[in-house]
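Notes for the one structure printed next.
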Amino acid sequence: MVVPESQGKMYHPPLELHRDAHVPDFSSYLVMYKRSLENPEAFWKEVADEFFWKKPATSPMLQYNFDVTKGNIFVKCMEGAKTNICYNVLDRHVREGNLGEKVAYYWEGNLPEHHTTITYGQLLSHSCRCANVLKQMGVKKGDRVSIYLPMIPELVYTVLACARIGAVHSVVFAGFSSESLCERIMDAKSSVLVTADGVYRGDKLINLKEISDEALEKCVEKGASSVARCLVIKHQALRTKTGASCNRLQTPWDSERDVWWDEAMSDSSEECEPEWLDAEDPLFILYTSGSTGKPKGVVHTVAGYLLYTFLTFKYVFDYQHHDVYWCTADIGWITGHSYIIYGPLANGATSVLFEGIPVHPHVGRFWEIIERYKVTKFYTAPTAIRLLMKYGQEPLQKYDLSSLRILGTVGEPINPEAWQWFYEVVGQSMCPVVDTFWQTETGGHVLTPLPAATPLKPGSATFPFFGVEPTILNEHGEEVEGEAEGYLVFRKPWPGIMRTVYENHERFENTYFKKFPGFYVTGDGGRRDKDGYFWITGRIDDMLNVSGHLLSTAEVEAALTLHPAVSEAAVVSRPHTVKGESLYCFVSLKDCKEFDKKMADELKRLVREKIGPIATPDFIQNAPALPKTRSGKIMRRILRQIARNEKDLGDLSTLADPKVVEVLFSQRSEATA
Ligand code: PRX
């Protein structure tokens with residue numbers, strides 16, 4: 001890595017940021033980075049000293065094997081230590097830091113008139129009460145609790161309650177279908193489901209309890225009903241909304257299984273002794289799409305995840321105690337786990353917790369919230385930026401955004417146009433944009449600028465975070481030096497990396513460590529430029545990134561082929577101006593079946609039902625046949641080009657029947673959007 005010079009357009013940190021920054025300049029970053037690699041023991045020990053340990057570690061800070069040829073893959077951080085993450089992110093601040101009165105969250109609902117403030121003291125007492133409710137329901141250390149909730153404070157209470165009693169939380173994004181929820185409950189074998197009666201997403205009322213009941217029925221049908229109790233939150237904001245919409249919600253009820261949150265919480269004690277867990281006990285499972293179609297239960301553990309989310313939050317957003325930080329992600333994804341709950345709370349930060357969507361009830365909603373809470377650090381996704389860019393500058397000009405200091409993006413590559421708009425229009429060319437590359441699996445940021453230290457190049461996630469050692473490999477698994485492009489991999493672990501796939505360690509090893517022994521394989525392509533900057537070039541497996549959400553083509557294909565008329569389906573990505581990528585589906589129908597708009601709509605509905613609205617296909621095209629090699633493998637490269645209408649297809653000699661391509665091009669215009 002070299003100290004970057006101004007080759008091409010670089011954006012340097014504003015001077016006033018250097019003054020109080022934790023990492024004030026690039027040479028400090030280099031010194032700290034070097035130390036984190038050369039002496040990880042001392043580096044991470046210092047971080048661990050910030051926290052409370054019931055019992056100190058008896059082993060080195062990090063132990064690992066990353067080489068499948070030498071035995072099982074494992075990563076351990078602070079083995080032997082005992083702690084509790086809920087204690088560290090709440091009690092420690094309230095008892096030792098005197099932060100009981102400090103605001104932990106400004107909650108802002110789907111509508112601007114619904115908002116509330118939660119202090120650290122309140123967060124602690126609600127989380128303890130919820131922990132006692134869960135205990136009453138029979139939840140013990142190591143049991144799994146599935147959580148299917150909108151972005152309401154009770155979601156945070158429940159997550160922290162699980163962490164407090166050592167239960168493993170498995171949050172399922174509340175936009176997922178009943179089928180997806182069922183699959184995740186069954187895989188985790190959760191004994192409790194926590195959900196809500198319903199939620200408004202924009203104008204749309206979603207009956208979450210009905211979806212939850214469907215999911216639980218499906219679990220029973222599949223012979224795997226582990227859920228004994230269902231805790232249901234009455235979403236107050238729904239109730240305070242006057243008029244018919246409120247009454248529209250019928251909450252189905254099973255009196256043996258279901259319990260209202262309010263009733264259970266009302267006589268629950270605020271005192272709950274934390275369960276002192278081993279450093280390597282599991283903290284949570286979070287499902288992420290797998291290229292075979294079946295989601296993977298990514299497992300994170302207590303101590304390493306605490307250290308890593310704490311430190312990345314502190315340095316990447318240059319956290320200062322007066323900050324008001326806002327991450328617009330949903331807690332159903334890893335970004336919400338790490339950078340709405342654990343990272344900010346571990347630092348004692350004040351965050352905005354937002355339930356709504358960027359364009360409801362008006363397109364200036366984000367800017368209104370920034371003005372209302374005087375947000376200083378703002379973290380969002382490129383897809384949201386591209387959406388808001390479409391409305392121009394006018395909606396922003398109505399609001400005072402002068403509180404902003406640092407901007408951040410996550411989830412997908414950011415195109416230079418969106419970067420410029422974010423930087424110039426939202427940040428008034430005064431706020432660095434931290435483009436953070438990471439994954440559900442990495443637990444926290446792994447490639448990222450540090451705001452006061454790193455000169456920025458739009459679209460580059462720049463350099464590794466402390467303790468992270470990336471490299472680029474070629475097809476043969478050889479490391480390539482200097483300017484290079486290939487597979488982005490990591491040579492050694494950092495504390496927050498995932499430990500296993502839930503109850504499937506073999507899948508963990510096969511997915512991330514088999515291809516190139518000795519390295520963690522991200523599944524992303526990477527490029528290093530002449531200044532040592534890293535650029536993500538996109539997925540190199542059969543995954544798609546729609547609005548920052550990873551989907552596997554196999555998962556969508558499996559949903560499409562459930563339709564009785566479909567014999568085969570192939571799904572590819574097509575660029576989309578807002579979502580980044582969209583789904584373009586080719587379907588072959590069984591004999592005598594007609595393809596028309598009705599059929600296409602049915603197929604789209606089917607995918608929504610099976611996976612959820614995020615997976616809704618944008619295009620469905622009839623494919624009398626699919627382009628295949630002589631050995632029967634679908635050539636997705638060709639389908640991608642057809643979807644994009646790129647006529648220059650190159651070498652087609654490996655195709656069994658090249659005429660198929662012509663037919664698909666000729667029927668392209670009939671694809672149903
Ligand atoms: O392809 C990369 C893309 O999102 C993937 C991880 O998705 P997920 O596990 O859902 O976590 C998303 C939030 C951390 C990566 O493999 N990705 C994430 N951040 C970036 C990105 N691609 C380019 N630039 C980023 N900053």
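Owing to the predicted nature of the structure, the values given are computational and were not obtained by experimental measurement. Ligands are counted one by one from 1 in listed order, and the atoms in each one are counted from 1 as well.
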Is the NZ or CZ atom of Lys9 positioned over Tyr11's six-membered ring, under 6.0 angstrom from the centre and within 45° of the axis?
-> yes
Run the ring-centre check on Tyr33 versus Phe465 and record whether the distance is less than 6.0 Å.
-> no
Is it possible for you to check whether Lys457 lies under 6.0 Å from the centre of the six-membered ring of Tyr533, through NZ or CZ, and within 45° of that ring's axis?
-> yes
Taking NZ, NE, NH1 and NH2 as the nitrogens, is one of them in Arg574 or Glu581 under 4.0 Å from a carboxylate oxygen of the other?
-> no
Residues Tyr339 and Thr312: side-chain donor-acceptor under 3.5 angstrom | yes
Pick out which of Thr462, Leu488, Thr448, Val410 makes a side-chain contact (heavy atoms from CB on, under 4.5 Å) with Phe437.
-> Leu488
Return the protein residues near ligand 1 (heavy atom under 4.0 Å from any of its atoms), ordered by chain and residue number.
-> Ile334, Thr335, Val410, Gly411, Glu412, Pro413, Asp435, Thr436, Phe437, Trp438, Gln439, Thr440, Glu441, Asp524, Ile536, Arg539, Asn545, Leu550
